[in-house]
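Just so it is clear: chains get the letters A, B, ... in the order the sequence lines come, proteins before strands, and each one is counted from 1. Note that these values count all heavy atoms, side chains included, but never hydrogens, waters or copies made by symmetry.
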2 protein chains.
Amino acid sequence: MGQPGLRERKKQKTRLALIDAALDLFLEQGYEATTVDQIAAAVDVSPRTFFRYFATKEDVALSLHVDGQEAMLAELACRPGEESPFTALSHAVRAMVTMLEEEDLAERARFLKAREVIDNTPALFAGSMRRVMENERQLIAEIARREGSGGDDLLPHFVVALATTVARVGFEFCPPTGVDDLAALAARLEATLALAERSLRPGWDRP
Amino acid sequence: MGQPGLRERKKQKTRLALIDAALDLFLEQGYEATTVDQIAAAVDVSPRTFFRYFATKEDVALSLHVDGQEAMLAELACRPGEESPFTALSHAVRAMVTMLEEEDLAERARFLKAREVIDNTPALFAGSMRRVMENERQLIAEIARREGSGGDDLLPHFVVALATTVARVGFEFCPPTGVDDLAALAARLEATLALAERSLRPGWDRP
DNA sequence: TAATTTATGTCAGCTCATGACATGTGACAA
DNA sequence: TTGTCACATGTCATGAGCTGACATAAATTA
């Protein structure tokens, strides 16, 4: 009886259907060129209902992205306090990928599609950056808390900014996604982390 | 005959008037709360005309930001080829501030206003990040050219990303802007550059 | 002054997004 | 099973951002 009830299941189903329909349409004819009405029609739902699931047209493409961010924050909260800030953040970044690796096949496909659409749509890219930036504030707060530094200390800002930069470079500019590029993505991320590690002085992230 | 002609002068005047009116309204009542019609009315111009000057409502707030980006690119192009990538980029970042310091008083006030509005408006912040990212592609291309590295080389991506990160941290989170915070801005930027310098291994930005 | 260019105004229309209210469908207890 | 309640959805109306088409007014040039 772990089942969440018919109502809830229907909602989840509609939600995923909306995401899938939206991503397919975005890939086919572009983000700007597809209307909310089209997405709603594809799922056989009123346009008004679309906006009950997603606040904006943007959101439907970025919802998975958000899950990743949350996973990152959650992982950071779990890291032991002795770990140096950047090490902890590295693990948090990796968590985004490992989380995906445990997912459904359909879910992974969905994520890769979303990534492709976002990469090819400036408006969506901007939106994703905005979310990254908002997430960054929380990361900074958490790092500052761990390290007991003041609010106007530059270091936490810099460390977090560097970590998100690494994540960004790692996730960006991957070759055209094939069937399951998750492995390639993970490899690229590791390469970027290694590059960062090798570029920085030991102990740089602690005063 | 150095004069650009009445027509051109009028256009520049209208353009600046639109920017000023928009920024003032954004500061007063918030970005989302002010309509294009209001901005147009404040300058006594039809709403349609507004969109002939700025493609979107966002653009009117971000136009100055764009000038800075262009200055950065221009400065990078001027830097001597022997200079290591990150050093060249540092100077390019500084150019954004020095350019402002040579500007009109009104222009500087405009810039500071714009910065304040952008910082307090997620939507605008996202837009500015998008432009930064688009600019980043050009910076990467230029660095790759200087260094003669291939298109899939991680290093140029990383170096440029780090430079824009420094710029971002340097420009962000300044205390509430007073009359002319340009000096404070410059100081903060220098502090961030110093922090980066001190965190990185010598020669990290060259293979 | 006349002819040509071009900035602006007007209007009509599309899409995104939201509030208000009605309706239908699952949840749950008697 | 049935009846009630909660809530997901549909319908309608509205406003804001943005664009195309065409007319008008102003500046430039001859």
Side-chain angles (χ1 to χ4, degrees), chain A residues 1-19 21-23 25-26 28-63 117-118 121-128 130, chain B residues 1-19 21-23 25-26 28-63 117-118 121-124 126-127 130:
Chain A
M1 40 119 295
Q3 284 293 44
L6 174 55
R7 201 174 236 162
E8 198 58 29
R9 273 178 286 143
K10 263 188 157 179
K11 264 173 56 176
Q12 289 309 320
K13 204 174 144 191
T14 310
R15 186 185 152 78
L16 289 181
L18 282 171
I19 295 181
L23 291 178
L25 285 169
F26 292 164
E28 264 176 55
Q29 47 184 24
Y31 172 75
E32 332 270 1
T34 92
T35 68
V36 171
D37 289 30
Q38 286 177 316
I39 303 172
V43 185
D44 222 54
V45 145
S46 94
R48 188 67 184 87
T49 291
F50 173 92
F51 285 107
R52 291 202 173 91
Y53 281 88
F54 303 98
T56 69
K57 189 171 103 171
E58 205 185 73
D59 275 16
V60 73
L62 263 37
S63 62
V117 172
I118 294 171
T121 312
L124 288 179
F125 195 78
S128 87
R130 166 169 146 209
Chain B
M1 41 116 294
Q3 283 293 45
L6 173 55
R7 202 173 236 160
E8 197 59 29
R9 273 178 285 145
K10 264 186 156 180
K11 263 172 61 177
Q12 288 310 318
K13 204 174 143 191
T14 311
R15 185 187 155 79
L16 289 181
L18 282 171
I19 296 180
L23 291 178
L25 286 168
F26 293 164
E28 264 176 55
Q29 46 185 13
Y31 172 74
E32 332 271 2
T34 93
T35 68
V36 171
D37 289 31
Q38 287 178 314
I39 303 173
V43 185
D44 222 54
V45 145
S46 94
R48 187 67 184 86
T49 291
F50 174 92
F51 285 109
R52 288 203 250 261
Y53 280 87
F54 304 98
T56 68
K57 187 172 104 171
E58 204 184 73
D59 274 17
V60 72
L62 263 38
S63 63
V117 172
I118 293 171
T121 312
L124 288 179
R130 166 171 146 206

Practice item. Nearest whole angstrom, please: distance from the P of C/dT15 to the OH of A/Tyr31. Key: 14 Å
**Study point:** Atom-pair distance (CD on B/Glu58; C1' on C/dC16), nearest Å
**Key:** 15 Å
Study note, to complete from the structure: Against the side chain of A/Arg48, the closest entry in C/dA20, D/dT9, D/dC18 is C/dA20
Review point. When you measure from the side chain of B/Gln38 to the backbone N and O of B/Thr35, does any donor-acceptor pair fall under 3.5 Å?
Key: yes
**Study point:** Atom-to-atom span, CZ of A/Arg15 to C1' of D/dT9 - whole angstrom
**Key:** 17 Å
Practice item. Assess whether one donor atom and one acceptor atom, taken from the side chain of A/Arg9 and the base of C/dG26, lie less than 3.5 Å apart. Key: no
**Study point:** 4.5 Å side-chain heavy-atom contact, A/Tyr53 and A/Val45
**Key:** no
Review point. Pick the nucleotide of DNA chain D nearest each of B/Glu32 and B/Arg7; which residue has the one closer to the 5' end?
Key: B/Glu32
Review point. Side-chain contact, heavy-atom cut-off 4.5 Å: A/Leu124 with A/Tyr31?
Key: yes
Review point. Side-chain contact, heavy-atom cut-off 4.5 Å: B/Gln12 with B/Leu16?
Key: no
Study note, to complete from the structure: To the nearest angstrom, the CZ-C1' distance between A/Phe50 and D/dT11 comes to 18 Å
Review point. If you look at every strand shown and take non-hydrogen atoms under 4.0 Å, does B/Ser46 touch a base, only sugar-phosphate, or nothing?
Key: base
Exercise for review: Would you classify A/Tyr53 as touching base, sugar-phosphate or nothing, given that sugar-phosphate means primed atoms plus P, OP1 and OP2, and contacts are heavy atoms under 4.0 Å?
Suggested key: sugar-phosphate
Practice item. Can you tell me the distance, in whole Å, between the NZ atom of A/Lys11 and the C1' atom of D/dC7? Key: 8 Å
Review point. Expressed in angstrom and rounded to an integer, what is the separation of B/Asp37 atom CG from C/dG9 atom P?
Key: 12 Å
Exercise for review: Kindly indicate whether the side chain of A/Phe26, heavy atoms from C-beta on, has any atom under 4.5 Å from the side chain of A/Thr121.
Suggested key: no
Check your understanding: If only side-chain N and O atoms of B/Lys57 are considered, is one of them under 4.0 Å from the OP1 or OP2 phosphate oxygen of D/dA16?
Key -> no
Practice item. Determine: side-chain N/O of B/Lys10 to OP1/OP2 of C/dA7, distance under 4.0 Å, yes or no. Key: no
Exercise for review: Starting at atom CD of A/Gln38, determine the distance to atom C1' of C/dC14, rounded to an integer number of angstrom.
Suggested key: 13 Å
Check your understanding: Roughly, in whole Å, what's the span from CZ in B/Phe26 to P in D/dA16?
Key -> 14 Å
Practice item. Between B/Phe54 and B/Leu6, just flag the one whose closest nucleotide in DNA chain D comes earlier from the 5' side. Key: B/Phe54
